[in-house]
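Quick one: this structure, given as structure tokens, is what I'll be asking you about.
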Amino acid sequence: MKGGYPNYMLKEIHEQPEALRSTIIPRVREGNLPDLSKDGIPHNILDNVNRIIITACGTAMHAGLIGRVMFERLLRIPVTVEIASEFRYQNPIMDKNTLVITISQSGETADTLAALRLAKAGNAKTLSIVNVKGSSIARESDYVLYTHAGPEIAVASTKAYTCQLSCLYLLAFAFALEKGRLSEEDCSKEMENLLQIIPAIEKTLTFHSLAEDISRNLKDCEDLFFIGRGLDYALSCEGSIKLKEISYIHSEAYAAGELKHGTLSLVTEGTPVIALATQANVYSKMISNIREVRARGAMVILITNGSDLIDSSICDYHFALPYLAGDFAPFTAAIVLQMLAYYTSVGRGLDVDQPRNLAKSVTVE
Ligand code: F6R
């Protein structure tokens with residue numbers, strides 16, 4: 001059942017290249033362009049849409065944070081990401097010109113389902129990204145884009161998350177093509193780059209020994225920080241929840257520019273800081289933030305897209321991810337974050353698949 005792996009989480013981490021292949025490849029048509037017609041998603045779904053709301057819980061919501069950056073960058077339509085359990089009680093503003101995207105692995109999360117029902121009652125168009133076929137969220141949405149991640153058994157979501165990201169990228173490219181915001185040529189380049197994530201993830205999975213080594217230094221710490229900007233901040237949120245839920249170590253995700261507005265006082269000699277610096281547009285800003293934590297004695301684990309590093313003295317450990325052109329580093333960086341959480345939990349002798357107090361599918365409020 002576990003395919004020779006000691007637990008489901010490790011199996012599912014390693015299944016990501018295959019899960020992504022199954023999710024992306026059927027949606028690529030001739031000319032390397034996105035094609036969502038077989039999913040029944042009309043090409044003109046964004047007609048009259050002036051606002052997108054993405055709503056979900058936990059890891060699925062973190063995928064939405066990345067989706068937001070991609071949609072706004074490519075479409076220039078305002079996008080908000082709402083925690084479903086908050087959204088449903090906030091009397092949200094929406095109408096027939098709003099597209100509400102719900103994201104859920106199980107398709108049964110009570111708050112996400114309630115958010116979807118609220119969106120329908122508010123006349124919004126609804127589209128869901130769901131893994132479990134025929135689940136309640138899939139059945140009740142106007143349109144469904146399935147992730148083909150296969151069954152995810154471990155409580156901590158891994159392959160469903162990266163497949164959710166791939167669906168958000170596919171939507172962003174398909175919408176941008178339809179809206180004339182990407183030419184066929186540029187869209188096809190983006191799709192080629194999207195396909196490149198699969199071999200890049202295969203390569204990233206070979207960094208498991210480095211993740212295991214580092215986790216020996218993380219397993220006894222009490223607090224740690226994940227920092228990043230833009231897409232990397234969204235990823236920091238995901239890295240932090242993954243570590244917390246299976247290792248029971250307290251951690252926080254911080255937008256790196258916010259450190260000096262309070263959090264820096266918590267960084268002392270030896271505090272682990274996992275710094276994500278995969279985004280070229282804010283790379284130099286990230287390096288200054290890393291110097292700030294370094295000056296307070298932090299143990300820095302740095303993750304970069306490619307191996308360029310102006311100054312190796314700014315970190316204790318460095319994951320140089322296989323270089324990906326464009327905005328695709330979240331896929332490979334996510335793998336590193338999953339491996340760090342996984343090996344830290346295993347190093348603490350915990351049950352990685354079934355962390356205390358948590359259930360795979362949260363069908364109650
Ligand atoms: C964390 C995790 C949870 C789920 C959340 C939503 O690793 O798995 O945060 O992402 O409970 O679940 P779904 O996606 O089934 O709606």
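Quick caveat: nothing in here was measured; it's all calculated off a predicted structure.
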### Message
Are Leu177 and Ile52 linked, directly or through intermediate hydrophobic residues, by side-chain heavy-atom contacts shorter than 4.5 Å (ILVMFWY only)?
### Response
no
### Query
Can you find a pair of side-chain heavy atoms, one from Arg27 and one from Leu145, that are under 4.5 Å apart?
yes
### Message
Does any part of the side chain of Ile77, heavy atoms only, come nearer than 4.5 Å to the side chain of Phe175, both counted from C-beta?
### Response
no
### Query
Just by modelled atom types, is the Tyr248 backbone N or O under 3.5 Å from a matching donor or acceptor in the Arg356 side chain?
no
### Message
Taking Lys189 first and then Glu192, would you say they form a salt bridge - that is, a charged N and a carboxylate O separated by under 4.0 Å?
### Response
no
### Message
Using only atom types and a distance under 3.5 Å, with no angle test, would you say the side chain of Ser345 pairs donor to acceptor with the backbone of Ile246?
### Response
yes
### Task
Please answer whether the main-chain N or O of Pro151 pairs with a side-chain N or O of Lys159 as donor and acceptor at a distance below 3.5 Å.
yes
### Query
Donor-acceptor pair, Ser240 side chain versus Cys237 backbone, under 3.5 Å?
no
### Query
Does a side-chain heavy-atom distance below 4.5 Å link Leu195 with Ile25?
yes
### Query
Side chains of Thr278 and Leu231: closer than 4.5 Å at any heavy-atom pair?
no
### Query
In terms of heavy-atom contacts, does CG of Asn44 have more than 12 from other residues, nucleotides or ligands at under 6.0 Å?
yes
### Task
Could you check whether the rings of Phe328 and Tyr169 sit parallel, tilted or perpendicular, using 30° and 60° as the cut-offs?
tilted
### Task
State plainly whether the residues Arg296 and Glu292 are in salt-bridge range, i.e. N to O under 4.0 Å.
no
### Task
Give a yes or no answer on whether the side chain of Ser22 reaches the backbone of Glu18 with a donor-acceptor pair at less than 3.5 Å.
yes
### Query
For the residue pair Lys2 and Asn7, what are the closest heavy atoms and their distance?
CD-CA, 3.8 Å
### Query
Does some side-chain heavy atom of Asn289 sit less than 4.5 Å from a side-chain heavy atom of Arg229?
yes
### Task
Would you tell me whether Tyr161 and Thr59 have side-chain atoms, one donor and one acceptor, within less than 3.5 Å of each other?
no
#### Entry: Asp353/Lys360 ion pair, N-O < 4.0 Å
no
### Task
State, without any angle test, whether Ser136 and Glu108 hold a side-chain donor-acceptor pair at a distance under 3.5 Å.
yes
### Task
Taking all heavy atoms of Leu10 and all of Pro6, pick out the closest pair and write down the distance.
CD2-CD, 3.9 Å
### Message
Would Arg117 and Lys120 count as a side-chain contact (heavy atoms from CB on, under 4.5 Å) here? Give the steps.
### Response
CA-CA 5 Å; Arg117 289 178 178 159; Lys120 295 196 84 171; 5.7 Å; no
### Query
Taking C-beta and beyond as the side chain, do Thr304 and Tyr283 meet within less than 4.5 Å on heavy atoms?
yes
### Summary
Closest non-hydrogen contact found for Leu165 with Pro330 is CD1-CB, 4.3 Å
### Task
Determine whether Leu337 and Lys242 make a side-chain contact, defined as any pair of heavy atoms from C-beta on separated by less than 4.5 Å.
no
### Under-4.0 Å salt bridge between Glu184 and Arg29
no
### Message
For the backbone of Ala149 and the side chain of Asn131, can you confirm whether one donor and one acceptor N or O come within less than 3.5 Å of each other?
### Response
yes
### Query
Mind checking whether Ile227 and Thr263 have side chains closer than 4.5 Å, heavy atoms only?
no
